[in-house]
A.B. asks: 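Attaching a single structure in structure tokens format; questions to follow.
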Amino acid sequence: MGRRPVISVVVPTLGRPSLGALLDALAPQLAALPDVEVLLVDDRRDTTDELAVPGTLSAYAKVVTGTGAGPAAARNVGRRAARQPWVVFLDDDVVPAPDWARRLADDLAVDERVGGVQGRVRVPLPADRRPTDWERSTAGLADGEWITADMAYRRAALETVGGFDERFPRAFREDAELAHRMRLAGWELVRGRHEVTHPVRPEDRWVSLRAQRGNADDALLRRLYGPRWRTTLRLPPGRRSRHVAVTSAGALALAAGAARLGLPCGTARRGLGAVAAVGAFGWVVGTAEFAAARIAPGPRTRAELTTMLVTSALIPPLAVAHWVRGWWRGRSITDGDATGAQR
């Protein structure tokens, strides 16, 4: 058997309670990894409290101050501070399996052409009922490609491509974009057998509305990689075209209805009434289809039904607004200008 890989573990964190569970699971495994270091990137804003490191990790862990600019920037802070040939990124809300370190070491015994190795992500869902919309959304991480919930990269490969693109301020798309640049640079990416559990984080009923901010990042990817950006980055299809159609129908109904109010009875008023009716019909049909698609696989409780109905009406215009905002912010970027990585 060859020499065990030498690893830096980078964990960007906002100091969430879940960090303790990760560190508790990690601590007893580190002795099996030679010269391992753990870098906790403290990305909290407006705090003077020092991030606490459990005593069992004191021999391995170091706290590095982040910039508060989001996970992409925090991971870049960690990879710059890393000293070892392999940099393993973990999110602060995962729990490594008891044999995570051993399997990771085996997974990193790869050909020199391999620049990255992805771990397996398991998302436990309720066994006694159907999952909610938010639980299903989190469960999608189990099928994600090259997500940094548990992803190991050669430090040399990260330096070759300049690390994460810090123009992506959220934990959304920044990992897929990095993986694409890795492949363009000639590195191979493979899947390993080391595993983490990603519990479903408790959220309020409006989390799906906040998630629509990710549409701004999609608009940036469209700027960077052109109209076939989803195919280029191997991302699943989305609903943007449907959201645009539903939002347009609703806007048409409101505009025609408002214009109709200012007209006397006559042909023009009747014509605007017909236009408003068509727009309203399109909005109702589109919203109902979206709500039904989200309600059908869920628990169908009263609370879930109410949440799905309200948010299904609000998500399309929010998604479109965030897309337009991202498109406008990236207006100076031309197709193919993927130069935002931070060296």
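Counting begins at 1 with the first residue of the sequence. What you are looking at is a predicted structure, and each value in this text was computed from that prediction instead of being measured.
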A.B. asks: Side chains of Thr132 and Glu304: is there a donor and an acceptor less than 3.5 Å apart?
C.D. replies: no

A.B. asks: Does Arg239 pair with Glu289 as a salt bridge, N-O distance under 4.0 Å?
C.D. replies: yes

A.B. asks: If you look at every heavy atom in Ala253 and Ala280, which pair is closest and at what distance?
C.D. replies: CB-N, 3.4 Å

A.B. asks: Would you check if Val117 and Arg191 make a side-chain contact, meaning some heavy-atom pair closer than 4.5 Å?
C.D. replies: no

A.B. asks: Looking at residues at least two apart in the chain, or sitting in another chain, which of them share a ring pair (Phe, Tyr, Trp, His ring centres under 6.0 Å) with Phe168?
C.D. replies: none

A.B. asks: So, do Val196 and Leu90 sit near enough that their side-chain heavy atoms are less than 4.5 Å apart?
C.D. replies: yes

A.B. asks: Using a distance-only test with no angle check, is there a side-chain donor-acceptor pair under 3.5 angstrom linking Arg75 and Thr148?
C.D. replies: yes

A.B. asks: Check for a donor-acceptor pair, side chain of Arg130 on one end and backbone N or O of Ala296 on the other, with a separation under 3.5 Å.
C.D. replies: yes

A.B. asks: Take Trp100 and Asp150 through the test side chain to side chain contact (heavy atoms under 4.5 Å, CB included) and record every step on the way to the result.
C.D. replies: CA-CA 10 Å; Trp100 178 85; Asp150 183 3; 3.0 Å; yes

A.B. asks: If you round to the nearest 0.5 Å, how far is CG of Leu23 from OG1 of Thr13?
C.D. replies: 8.0 Å

A.B. asks: Under 4.5 Å between side-chain heavy atoms, counting indirect links through other Ile/Leu/Val/Met/Phe/Trp/Tyr residues: same cluster for Val63 and Phe89 or not?
C.D. replies: no

A.B. asks: Between the side chains of Arg240 and Asp218, is the shortest nitrogen-to-carboxylate-oxygen separation below 4.0 Å, so that they form an ion pair?
C.D. replies: no

A.B. asks: Can you name the nearest heavy-atom pair linking Gly286 to Val246, along with the distance?
C.D. replies: CA-CG2, 3.6 Å

A.B. asks: Considering only heavy atoms from C-beta outward, does the side chain of Arg167 approach that of Leu220 to under 4.5 Å?
C.D. replies: yes

A.B. asks: Please report the interatomic distance CD(Glu174) to CG(Leu221), rounded to the nearest 0.5 Å.
C.D. replies: 10.0 Å

A.B. asks: Under a 3.5 Å cutoff, is there a donor and acceptor pairing between the side chains of Ser18 and Asp93?
C.D. replies: no

A.B. asks: So do the side chains of Val123 and Val200 get within less than 4.5 Å of each other, counting heavy atoms only?
C.D. replies: yes

A.B. asks: Would you check, one step at a time, whether the test side chain to side chain contact (heavy atoms under 4.5 Å, CB included) holds for Met308 with Arg300?
C.D. replies: CA-CA 9 Å; Met308 292 300 98; Arg300 305 179 193 175; over 6 Å; no

A.B. asks: Can you see whether Thr160 engages Arg154 through a side-chain donor-acceptor pair at a distance of less than 3.5 angstrom?
C.D. replies: no

A.B. asks: Please check if the side chain of Arg45 supplies one atom and the backbone of Leu14 the other of a donor-acceptor pair under 3.5 Å.
C.D. replies: no

A.B. asks: Treating Asp107 as the side-chain partner and His194 as the backbone partner, does any N or O pair qualify as donor plus acceptor under 3.5 Å?
C.D. replies: yes

A.B. asks: Spell out, yes or no, whether Leu108 and Trp146 are grouped together once hydrophobic residues are joined by side-chain heavy atoms under 4.5 Å, including indirect joins.
C.D. replies: no

A.B. asks: Are any side-chain N or O atoms of Glu195 and backbone N or O atoms of Pro98, one a donor and one an acceptor, separated by less than 3.5 Å?
C.D. replies: no

A.B. asks: Examine distances only and state if a side-chain atom of Arg136 and a backbone atom of Pro131 form a donor-acceptor pair shorter than 3.5 Å.
C.D. replies: yes

A.B. asks: Provide the closest heavy-atom pair for Pro317 versus Ala313 in the form atom of the first, atom of the second, distance.
C.D. replies: CD-O, 3.5 Å

A.B. asks: Report yes or no: do Val110 and Met182 belong to one cluster of Ile/Leu/Val/Met/Phe/Trp/Tyr joined by side chain heavy-atom distances under 4.5 Å?
C.D. replies: no

A.B. asks: Any donor and acceptor pair, going by atom type alone, linking the side chain of Arg193 with main-chain N or O of Arg103 inside 3.5 Å?
C.D. replies: no

A.B. asks: Might you work through the side chain to side chain contact (heavy atoms under 4.5 Å, CB included) test for Leu178 and Leu158, ending with a clear yes or no?
C.D. replies: CA-CA 9 Å; Leu178 171 64; Leu158 289 169; 4.0 Å; yes

A.B. asks: State whether a side-chain donor-acceptor pair under 3.5 Å links Arg201 with Thr138.
C.D. replies: no

A.B. asks: Return yes if some donor-acceptor pair links the side-chain N/O of Arg331 with the main-chain N/O of Trp327 below 3.5 Å, else return no.
C.D. replies: no

A.B. asks: Take Leu233 and Arg173, measure what side chain to side chain contact (heavy atoms under 4.5 Å, CB included) needs, and give me the verdict at the end.
C.D. replies: CA-CA 9 Å; Leu233 272 68; Arg173 307 298 197 206; over 6 Å; no

A.B. asks: Look at Asp133 together with Arg294 and state whether they make a salt bridge at an N to O cut-off of under 4.0 Å.
C.D. replies: yes

A.B. asks: Specify the closest pair of heavy atoms between Ala185 and Val161, including all atoms of both residues, with the distance to one decimal.
C.D. replies: CB-CG1, 3.8 Å

A.B. asks: Looking at Ala152 and Leu104, what are the two nearest heavy atoms and their distance?
C.D. replies: CB-CD1, 4.4 Å

A.B. asks: Look at Glu188 together with Arg183 and state whether they make a salt bridge at an N to O cut-off of under 4.0 Å.
C.D. replies: no

A.B. asks: Under 4.5 Å between any side-chain heavy atoms of Phe164 and Arg79, yes or no?
C.D. replies: no

A.B. asks: May I ask you to decide whether Glu37 forms a salt bridge with Lys62, counting only side-chain N to carboxylate O separations under 4.0 Å?
C.D. replies: no

A.B. asks: Any chain of hydrophobic side-chain contacts (each under 4.5 Å) joining Phe172 to Trp206?
C.D. replies: no

A.B. asks: Counting N and O atoms only, with roles assigned by atom type, does the side chain of Glu145 sit under 3.5 Å from a partner on the main chain of Ala179, one being a donor and the other an acceptor?
C.D. replies: no

A.B. asks: Report the distance from atom OG1 of Thr247 to atom CG of Leu252, rounding to the nearest 0.5 Å.
C.D. replies: 12.5 Å

A.B. asks: Under the 3.5 angstrom rule, does the side chain of Arg155 hit a backbone N or O of Val87 as a donor-acceptor pair?
C.D. replies: no

A.B. asks: Between Val310 and Phe290, is there a shared hydrophobic cluster once you connect ILVMFWY residues whose side-chain heavy atoms come closer than 4.5 Å?
C.D. replies: yes

A.B. asks: Do Trp86 and Tyr153 come within less than 4.5 Å of each other through their side chains, counting heavy atoms only?
C.D. replies: no

A.B. asks: Do the non-hydrogen side-chain atoms of Val77 and Leu39 ever get within less than 4.5 Å of each other?
C.D. replies: no

A.B. asks: Does some side-chain heavy atom of Trp187 sit less than 4.5 Å from a side-chain heavy atom of Val114?
C.D. replies: no

A.B. asks: Would you say Gln84 and Asp35 are linked by a side-chain donor-acceptor pair, where the criterion is simply a distance under 3.5 Å?
C.D. replies: no

A.B. asks: Ignoring hydrogens, what is the shortest heavy-atom contact between Ala219 and Gly326? Give both atom names and the distance.
C.D. replies: CB-C, 3.7 Å

A.B. asks: Once you round to the nearest 0.5 Å, how far does OG1 of Thr307 lie from CZ of Arg205?
C.D. replies: 3.5 Å

A.B. asks: Got a second to check how far Asp175's CG is from Asp165's CG, nearest 0.5 Å?
C.D. replies: 12.0 Å

A.B. asks: Ignoring hydrogens and angles, tell me if any N or O in the side chain of Arg213 forms a donor-acceptor pair with the backbone of Arg210 under 3.5 Å.
C.D. replies: yes

A.B. asks: Just wondering, more than 12 heavy atoms not from Arg329 lying within 6.0 Å of its CZ?
C.D. replies: no

